[in-house]
Protein chains: 2
Amino acid sequence: MDDWLAEIRRAVEARDQRLTPQRQVVLQVLAAGGDHHLSAEEIHEQARIRQPDIGLATVYRTLELFEDLGVVSRLEVGGETRFELNRERDLHYHHHLICLNCGRIQEFREDLLDEVERRVEGETGFTIIDHNLRFFGYCRHCRGRKKS
Amino acid sequence: MDDWLAEIRRAVEARDQRLTPQRQVVLQVLAAGGDHHLSAEEIHEQARIRQPDIGLATVYRTLELFEDLGVVSRLEVGGETRFELNRERDLHYHHHLICLNCGRIQEFREDLLDEVERRVEGETGFTIIDHNLRFFGYCRHCRGRKKS
DNA sequence: ATGCCTGCAAACATTTTGCATAGCG
DNA sequence: CGCTATGCAAAATGTTTGCAGGCAT
């Protein structure tokens with residue numbers, strides 16, 4: 001099961017860097033967060049439960065490292081950045097649904113975008129590396145009531 | 001031709017607000033920007049050419065108003081927010097291609113997303129109001145050379 | 001010892017807010 | 001007048017950086 005952690009450790013050490021306790025804690029927090037997309041501040045808060053004097057800057061630096069490694073990806077929403085663990089290989093094909101009322105973010109897996117991507121490349125001459133699709137609306141719970 | 005401006009004036013006045021000189025200048029700047037997506041700072045800079053003592057806060061407040069009215073939309077990219085005028089009615093169906101090298105943003109019109117949207121609504125119970133699709137890659141000019 | 005890592009605080013960039021004043025209707 | 005709008009400066013956010021010390025090889 002910690003094949004997972006071991007793999008990340010290998011990737012980190014391949015860059016002559018270390019999977020320190022702080023970095024592991026950040027991973028644990030992200031993993032425990034499930035499908036939640038946490039802000040740096042929230043990750044920091046959670047991390048402090050296990051590692052009381054971890055600094056916010058360390059969290060940011062850690063997230064940056066993990067993003068470089070492809071372990072984590074960032075999602076900019078409403079002026080702040082939220083982070084998620086990339087659990088599968090097919091991270092390319094998952095999109096976000098953002099509730100305009102409660103702010104909750106859920107995910108959706110989908111593979112219909114390849115076609116669109118190819119059309120865009122053909123028509124514009126742009127070489128596409130990645131995409132990012134977000135839907136805004138109201139989740140099941142917030143349906144009907146716009147304020148809450 | 002200024003059917004356009006008149007329409008916005010009507011929308012503003014319908015809220016018991018006014019289309020002041022400052023607000024008009026912001027509109028002019030956005031209109032002159034063509035397909036460019038300007039940051040608040042850039043809009044402020046341009047606006048000052050015509051209206052030297054317009055304040056940055058006014059620009060922000062104006063952009064907020066116009067966003068409420070659906071006249072302007074915002075695009076968050078790389079930690080900063082960029083603004084664009086919604087020229088057509090079908091603003092729903094235009095997406096952005098962001099060059100990872102030079103940062104230039106171009107647009108692409110597309111209507112293939114309705115299908116995806118309906119599938120998402122069916123499978124998740126989410127009510128979708130809007131979406132936002134961005135492609136990241138290299139534009140024609142930056143192809144090949146990743147640094148420049 | 002020589003690296004990478006860390007916490008802290010300061011620096012930064014962007015956006016928002018408070019307030020006194022100005023200006024339209 | 002009453003109410004919206006403005007400029008300015010201060011405050012609030014969110015993120016990055018510099019640095020002195022710490023820790024693991």
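Values below: all heavy atoms of this structure, side chains included; hydrogens, waters and symmetry mates excluded. Chain A is the first sequence line, chain B the second, and so forth, proteins listed ahead of strands; every chain is numbered from 1.
- OP1 or OP2 of D/dT15 has at least one side-chain nitrogen or oxygen of A/Y60 nearer than 4.0 Å.
- Ring pair B/H37/B/H96 is perpendicular by interplanar angle, where above 60° counts as perpendicular and below 30° as parallel.
- For C/dT6, neither phosphate oxygen OP1 nor OP2 lies less than 4.0 angstrom from any side-chain nitrogen or oxygen of A/T58.
- With respect to A/E80 and A/R82, a salt bridge is recorded, a charged nitrogen being found less than 4.0 Å from a carboxylate O.
- Regarding B/Q24, its CD atom lies at a distance of 15 Å from the C1' atom of C/dG23, rounded to whole Å.
- Distances shorter than 4.0 Å separate some side-chain N or O of A/Q22 from OP1 or OP2 on C/dG7.
- Using a 4.0 Å heavy-atom cutoff across all strands shown, B/I54 reaches sugar-phosphate atoms only and no base atom.
- Within the structure, a side-chain polar atom (N or O) of A/Q17 is placed less than 4.0 Å from OP1 or OP2 of C/dC5.
- Within the structure, a side-chain polar atom (N or O) of A/T20 is placed less than 4.0 Å from OP1 or OP2 of C/dT6.
- Residues B/R74 and B/E76 are not paired through a salt bridge, judged by the lack of any N-O separation under 4.0 Å between the basic side chain and the carboxylate.
- Crowding of B/R104 atom CZ: a count of heavy atoms from other residues, nucleotides or ligands under 6.0 Å not exceeding 12.
- Contact annotation: A/R61 side-chain N/O to D/dT16 OP1/OP2 distance is not under 4.0 Å.
- Remark on DNA chain C: of its neighbouring residues B/R18 and B/T81, the 5'-side contact belongs to B/T81, judged by nearest-heavy-atom nucleotide.
- Here C/dT14 is the nucleotide among C/dC5, C/dT14, D/dG14 with the atom lying nearest to any side-chain atom of B/E80.
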